[in-house]
Amino acid sequence: MHGATREAVFPHRHLLGIEGLSPEDINHVLDLADGYVELSRQAEKKRALLRGRTIINCFFENSTRTRTSFEVAGKRLGGDVINMSVAASSMHKGETLIDTAMTLNAMHPDVLIVRHPESGAVQLLSEKLDCAVINAGDGSHEHPTQALLDALTIRRRKGRLGGLTVAICGDVLHSRVARSNIALLNTMGARVRVVAPRTLLPAEIERLGVEVFYDMAEGLADVDIVMMLRLQSERMHGAFVPSTREYFHFFGLDYDKLRAAKPDALIMHPGPMNRGVEIGSEVADDIDRSLIRQQVEMGVAVRMACLEILTRDLGNGPPSMAGY
Amino acid sequence: MNRLLFRHARLLDPGSGLDAAGDLLVEGGRIAAVAGDISSADAEIVHADELCLAPGLVDMRVQLREPGAEHMESIETAGEAAAAGGITTMVALPNTDPPVDDVSVVEFLARRAREVRLAKIHTYAAATKSLTGRDLTEMGLLSANGALGFTDGVKAVADALVMRRVLAYARTFDLLVLQHPEEPSLAGAGEVNEGETATRLGLPAITPVAEVIMIERDLRLVEITGARYHAAHVSTAAGVEAVRRAKAQGLPVTCDTAPPYFALNETAIGDYRTFAKLSPPLRSERDRQAVIEGLRDGTIDAIASDHAPWDQDSKRLPFSSAAYGIVGLETLLPLSLELYHNGHLSLLELVRRLTANPAGLLRLPVGRLTPGAPADLVLFDPDQSWRISTDEFRSKSKNAPFDGRPAQGRVRRTIVDGRTIFQA
């Protein structure tokens, strides 16, 4: 990367989605994250890179795992991380999203990490803010750091992403993880399949560059990676699938269905898992095949990389409130 | 007596099929004469210079926000916007607060329209009390007091038995029933048209079939009741085709569409543009083409603005939280003229769908250039190029996805009962 300008390395102010990232952008995040994996395994994990920086975790939807992962990432880089659970505060007082954005903006954060139940809401916020924004999941749209951590997990184990065949299985309809992963894997030259009952697939999903299967044995045939998606409980009992029993029978991952995949195929799940619904415990806990715990570890490293990338060009704050 | 003489206009009267150069004389609020050459000693002369002179537009679906939400639109601001758009008659949906489900609200609107004295205002009344889809309103009395038709506005009458009774009762008094054709139990929580755009954006989708299912159900009920039925803002190929077949069958069925459904398709949503969120949603390109074909072959009788004013607070929200609808009074004519400039409709046929057809199905004595008719007129230049600017809208709300769109054709003068209510 001799002589490359910063703009050429990661020319984005925010991380709102995988859509729009180039292979170079993605590799840049993954390369940097690789280093942070090693750092996080040391006894002394702390860096001063983000000293003096304020990072606000702004979650309009409950999440323990993602919020904690961002918090750990920010603190390891020396930043001040503030957790705001908005679901429980101003939204109930009728404050609009843009009011919330303006309020937060006035506190001069450097990075805002946002999760919101509505698709597109994080982008809307980013348009009103002076700081960098990371999308930690918006509705059924995107969850870019999840796709990046999945990519890092795969790359470290398989050595590459290009040329692999990946099956994404389950509730694709409602899944932001699926959309981000489809975008990332396609960008990196992997072949992507989706496998689900037709009630859990959105219309014209094949236009996103995936092959569609409705049967696990066919969909998993000769794949390198099996990514399971979480099925939320309110969708299990008759709304989209008749029962958890029937769902597991036809679409839950167990050794029987996994037999169709390559012998060294690996299993992933973004968590939290519904054991016995979309994934059987014996498969989930198989230390040779399951990457589920590694995914959590990679999550912290990837989020550290994202925080570093988005803060390194920041100057001394925006001029928008100058004069006060 | 006040006289106004338009000289050397291109007269467009779809009722008589007139499309020719000529003069038109207005006297005492009515059209006095239409001829090749008129001389009148004491009339004020308007040199039309070959601009088009047509009946004022009859906009058969407008949401007023008065009473109840005057901060978004009042009868006065809607009247000014209509005047600037060449609209001389507008018909309001009953979804105000309180809704138009009682004679007193019909009378209130009539009084406000008289006070404001801009475009003429008529109203539909609710088909069911409080627009809840259950109990019939006093349709006979409401009609006797001026309600032009019955509809639950932006909501479908979903229950088939209730709809049957609405139609049967309406037939008793020969009343018009208008339906928002979308099966709500199928549309569910959907917000945008089902397809690649919805899938990419992760937005809850409505299958386009939700429209034709409701239309076809209603057509069966029209068959057994004989009521006059109108499908509002038809937006899908299948919906247009269902109406086409019903007309061939001889059923008393009409329908309209609105400019967004032939000027835009679902891709206008882009990156969650809430200004392009409307109900029914913007459809596929194939549906858009089918709507144009329906307008061309006469299946779609009328073009209405579907004017739905919303303030910024209702639209500056995440997509799912934002309100449905766009303002349309000031863009009805220029956007409709795209159909003429693109070669889909002759100017006379386009004007028919904006004037005589809606007036006819609403049984209003307007929409024609015949001596004795009210002098409701629009003078427009069909070719003038300009750029739509929502900031310049007279409407109190500016929610439209057409800001910056190049347009061809502009209103020069709008006249109601011989009074000039707008002049460019």
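When reading the values below, keep in mind they use all heavy atoms of this one structure, side chains included, and skip hydrogens, waters and symmetry mates. Bear in mind the structure is a predicted one, so any value in this text is a computation, not a measurement. Below, chain A is the first sequence line, B the second, and so on; all start at residue 1.
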Heavy-atom distances under 4.5 Å only: say whether [X] touches chain B with side chain, backbone, both or neither.
X: A:E206; answer: neither
X: A:R207; answer: both
X: A:L208; answer: both
X: A:I205; answer: both

Is it true that [X] and [Y] have a side-chain N and a carboxylate O under 4.0 angstrom from each other?
X: B:R245; Y: B:E216; result: yes
X: B:R394; Y: B:E330; result: yes
X: B:E338; Y: B:R405; result: yes

Legend entry - Sole candidate of B:Q312, B:M72, B:H71, B:K315 that passes side-chain contact (heavy atoms from CB on, under 4.5 Å) when paired with B:S397: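 Single pass found, and it is B:M72.
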
Legend entry - Ring centers of A:F240, A:H174 separated by less than 6.0 Å: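 For A:F240 and A:H174, the ring centres are under 6.0 Å apart.
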
Legend entry - Check: B:Y272 ring centre within less than 6.0 Å of A:H141 ring centre: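 Yes, they do, as the ring centres are separated by less than 6.0 Å.
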
Legend entry - Closest-packed option against chain B by number of heavy-atom pairs under 4.5 Å, given A:S175, A:S140, A:A121, A:S119: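 When all of A:S175, A:S140, A:A121, A:S119 are compared, A:S119 has the most.
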
Inset, instruction - Under 4.5 Å heavy-atom distance to chain A, tell me which part of B:D271 shows up: side chain, backbone, both or neither. - result: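 B:D271 touches chain A through backbone and side-chain heavy atoms alike.
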
Inset, instruction - Let me know if B:T207 has heavy atoms under 4.5 Å from chain A in its side chain, its backbone, both or neither. - result: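 Neither part; nothing is under 4.5 Å.
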
